[in-house]
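See below for the structure under consideration.
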There are 2 protein chains.
Amino acid sequence: MSQRKASGDSGRATIRDVAQRAGVSVASVSRVLSGNYPVSDELRRRVMKVVRDLDYVTNAHARSLAGGGTPTVAILINNITGAAFTHVAKGVESAASLRGWLTLVGTTGDDPERELALVNLMRQQGVAAVILLGGAYDYDEYQLRMARFARSLDAADSHLVLVGRPPLEGEVPATTVDYDNEGGAYAMASHLLSAGHRRVLVLPGHAELTTAQGRLKGAQRAFEAYGVPLDPGMVRHGPYDYEHGYDAVEESLRQGAAFTAVLAGTDVVAAGAAQALRAAGLRVPEDVSVVGYDDIPLASQLTPQLTTVHVPYEEMGRAALRAVADRRESGRRRVGDADHLVLGTHVVVRQSVRPPSQ
Amino acid sequence: MSQRKASGDSGRATIRDVAQRAGVSVASVSRVLSGNYPVSDELRRRVMKVVRDLDYVTNAHARSLAGGGTPTVAILINNITGAAFTHVAKGVESAASLRGWLTLVGTTGDDPERELALVNLMRQQGVAAVILLGGAYDYDEYQLRMARFARSLDAADSHLVLVGRPPLEGEVPATTVDYDNEGGAYAMASHLLSAGHRRVLVLPGHAELTTAQGRLKGAQRAFEAYGVPLDPGMVRHGPYDYEHGYDAVEESLRQGAAFTAVLAGTDVVAAGAAQALRAAGLRVPEDVSVVGYDDIPLASQLTPQLTTVHVPYEEMGRAALRAVADRRESGRRRVGDADHLVLGTHVVVRQSVRPPSQ
DNA sequence: TTGAAAGCGATACCAT
DNA sequence: ATGGTATCGCTTTCAA
């Protein structure tokens, strides 16, 4: 019944099927296909004909077991739906495919268990690198956890790459591709301050998220630089989503908070904030200015177009992959050897900021 | 120098390393790890200890060569940045990970060459299925091309799944997960017509794209049903992006076209259209109504919130994976056996439609 | 319950 | 330029 290997009938054709049918050795078929070895035209013709007839493709698993194999990188995201992450992923994928590499994607849903499981799964796959995207929750064990990931991957000839979060402390075999998060926030807040705003509602994000921490710190530094006190009551933490932006503004308004501008942690939060302002009969930017962070497409599609901080997400993705590829080519480097890359950010001035009216 | 296998030092630890160090056979280690075989507690303890010490994970390539292995599905997208696709991908990924499956992602950039290369690459990987996302360009060879993909994959014990596009003609071993594209457009157009709109600017998308064709056809049917002639000059084709929406409206206005509503092919196009209307001093929806299609988050984040057609993208992704998984479990089915699934769509009424003012 | 050994499909070294 | 074959790491009979 289940006569396996009856005649290359069921399942995929193997290199042996091709060899047999072409009347040559498997070694020859392998040579023709990899193309990195001198082969007679006659042989090549014979083999390729059969390859086409059988619609043969080599078994990637066997190949990578035997030596060769397509390098693969894994990218782990919290939520594939986030526009910012999506652009990093695009950068990684495009740079990978440019080199003929494959990209695996896994989503963690902010679940440490799942993150661990995925890192191990990727290790099993023998990926060239695991790229972790997005800000991290800075809980106690975080550093240890990441250090463990890094060492595990390193021991398996793989590599850990952190994108969009601060580098790890100590001598850990990991690469970080980050952006000037705090600097961007500093510039954005300064933009608001120099326009004359003094009372601004700040929505940095979750207090434990590294990106939110950086953005808040940048804003605080700007306020200090301008000698303007930043009322702690004007800082509201919450998730990076539309609802949070909306709710935070609505609530502040209800509590009678007086502010002439909103400094949001992301463009999506800014969108929610703007909507809440409008719902309260306030005009943006005539009555209240609103700024975001990230510069995702949404920012320029809103009305008014959002003034925000541009983060080179796609470029970060490309940089991450380049770092991995370089490291492969030039043999592994020593720990701590230029493992940290920081890309610049800058304010994109659009239409959502005006000097305070009164 | 390059003494390989000196002592399981360099590279990943193998099952042999574990066996040796635990003083048992590789077979036993394999049994302990796969857990699908009776094993003494003592043995298990010994093996697991070493596994932890060595931080060992099995080599997925070797495993899948030998028989077992993690099922993997590939999802091929034109542009990973599109919000709609992203949600399908999320559905696929979540359903996959629920079963312990892996997800590979590749982007084609609308390039047939690359699409072919990717399908073959995925075939090499021995994926359980290749999921093609998004509308297709209905050029001549399309059907033949897809049929070839389908047969190739089928012959390799894999499977082709088409998501968001019409099913293939004839007896082709492929599964289609689609949504009622035309029906949604019909309902959306009817909504506009029943509100009293008679002159509406239609921006269905690229004329060759199957989704655009369906959306246009649905709209046309609605106009017919209402006995309202749809001026061909009021239909403008173009890409599914913000710029197209903006430009199309701007140009129509410049040419003096008179319309009281815009029926856009996607939410993003609608966003562009709305922006252009505002730029021209027209209010939405007081002066001109605007509707979209897809119901991506953007739709409810715009001002005014967009009335649009909801498409269950994430659910489609889940359905696609379920179809593949079912097919695996229950052995392959015969060609043409309930290979076509169509999910419903419906209008989501929000704030961007008003009866025409005059 | 445990071990030995035969593949799985491809690569690359060693002969010819 | 070609062919034979050991090998990659693991799973799975087949014996013990």
Side-chain angles (χ1 to χ4, degrees), chain A residues 2-6 8 10-47 50-51 54 56-71 121 123-126 156-157, chain B residues 2-6 8 10-47 50-51 54 56-71 121 123-126 156-157:
Chain A
S2 69
Q3 256 308 65
R4 187 112 177 72
K5 278 300 89 183
S10 136
R12 292 160 70 166
T14 72
I15 196 174
R16 206 128 46 200
D17 298 329
V18 176
Q20 216 156 32
R21 195 143 152 177
V24 303
S25 74
V26 293
S28 296
V29 176
S30 175
R31 289 185 186 116
V32 169
L33 289 163
S34 33
N36 49 17
Y37 211 84
V39 164
S40 79
D41 279 5
E42 166 59 10
L43 207 178
R44 156 166 294 108
R45 212 184 336 270
R46 289 247 295 284
V47 169
V50 176
V51 164
L54 263 43
Y56 168 86
V57 289
T58 80
N59 181 321
H61 298 299
R63 182 202 289 253
S64 76
L65 228 204
T70 311
L121 197 58
R123 203 148 55 98
Q124 293 182 20
Q125 300 292 321
D157 285 334
Chain B
S2 70
Q3 259 303 68
R4 187 109 177 73
K5 279 297 91 182
S10 137
R12 291 161 71 166
T14 73
I15 196 174
R16 205 128 47 199
D17 297 329
V18 176
Q20 215 158 31
R21 196 144 151 177
V24 304
S25 74
V26 294
S28 296
V29 177
S30 174
R31 290 185 184 116
V32 169
L33 289 165
S34 31
N36 48 17
Y37 210 84
V39 164
S40 79
D41 279 6
E42 166 59 10
L43 207 179
R44 157 167 294 108
R45 213 186 334 273
R46 290 247 295 281
V47 169
V50 176
V51 164
L54 262 44
Y56 169 84
V57 289
T58 79
N59 181 321
H61 297 298
R63 183 200 289 252
S64 73
L65 225 203
T70 311
L121 196 58
R123 203 147 54 98
Q124 292 182 19
Q125 300 292 319
D157 284 334

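Chain A is the first sequence line, chain B the second, and so forth, proteins listed ahead of strands; every chain is numbered from 1. From a predicted model like this one, the values you see are computed outputs, not experimental measurements.
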What pairs of donor and acceptor atoms, side-chain ones from residues 30-37 of chain A against any protein atom, are under 3.5 angstrom apart with sequence neighbours left out?
unit_1: Ser34(A); atom_1: OG; unit_2: Ser30(A); atom_2: O; d: 2.5
unit_1: Ser34(A); atom_1: OG; unit_2: Asn36(A); atom_2: OD1; d: 3.3

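- Here dT7(D) presents its C1' atom at 14 Å from CG of Asn59(B), a figure rounded to the nearest Å.
- Partners of Arg63(B) by side chain to side chain donor-acceptor pair (under 3.5 Å), not counting sequence neighbours, listed by chain and number: Thr58(B).
- In this entry the distance linking CG of Leu43(A) with C1' of dT2(D) reads 7 Å, nearest Å.
- Contacts of Ala156(A) classified as side chain to side chain contact (heavy atoms under 4.5 Å, CB included), with partners at least two apart in sequence or in another chain: Arg123(A), Arg12(B).
- An OP1 or OP2 oxygen of dT2(D) is reached within less than 4.0 angstrom by a side-chain nitrogen or oxygen of Ser40(A).
- Considering only residues two or more places apart in sequence or on other chains, Arg21(A) meets the side chain to side chain donor-acceptor pair (under 3.5 Å) condition with none of them.
- Using five terminal pairs a side, the axes of the helix from dT1(C)-dA16(D) to dT16(C)-dA1(D) at its two ends make an angle of 40°, given in steps of 10 degrees.
- In this model, the phosphate group of dG9(C) is not approached by any side-chain N or O of Thr14(A) to a distance below 4.0 Å at OP1 or OP2.
- Atom CD of Gln20(A) and atom P of dG3(D) are 13 Å apart (whole Å).
- Atoms CD (Glu42(A)) and C1' (dT2(D)) sit 13 Å apart, rounded to a whole Å.
- A straight line from CG of Asp17(A) to P of dC8(C) spans 11 Å, rounded to a whole angstrom.
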Base, backbone or nothing for each nucleotide of nucleotides 11-16 of chain C, written B, S, -, heavy atoms under 4.0 angstrom, 5' to 3'? SBB---
Dump the intermediate steps for side chain to side chain contact (heavy atoms under 4.5 Å, CB included) on Val18(B) and Val51(B), then the final yes or no. CA-CA 7 Å; Val18(B) 176; Val51(B) 164; 4.1 Å; yes
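- Between dT2(C), dG4(D), dC8(C), one nucleotide has an atom nearer to the side chain of Val39(B) than all others, and that is dT2(C).
- The minimum heavy-atom distance linking Gln125(A) with His61(B) is given by the pair O-NE2, 2.9 Å.
- Scanning for side chain to side chain contact (heavy atoms under 4.5 Å, CB included) contacts around Ala22(B) gives Val24(B), Val50(B), with sequence neighbours left out.
- Taking atom CZ of Arg16(A) as the reference point, atom C1' of dG4(D) lies 12 Å away to the nearest angstrom.
- Computed from coordinates, the Leu65(B) CG to dA10(C) P distance equals 8 Å when rounded to whole Å.
- Scanning both residues, Thr14(A) and Asp17(A), for their nearest heavy atoms gives N-OD2, 2.8 Å.
- In this structure, CG in Leu54(B) is found 12.0 Å from CD1 in Ile15(B), a value given to the nearest 0.5 Å.
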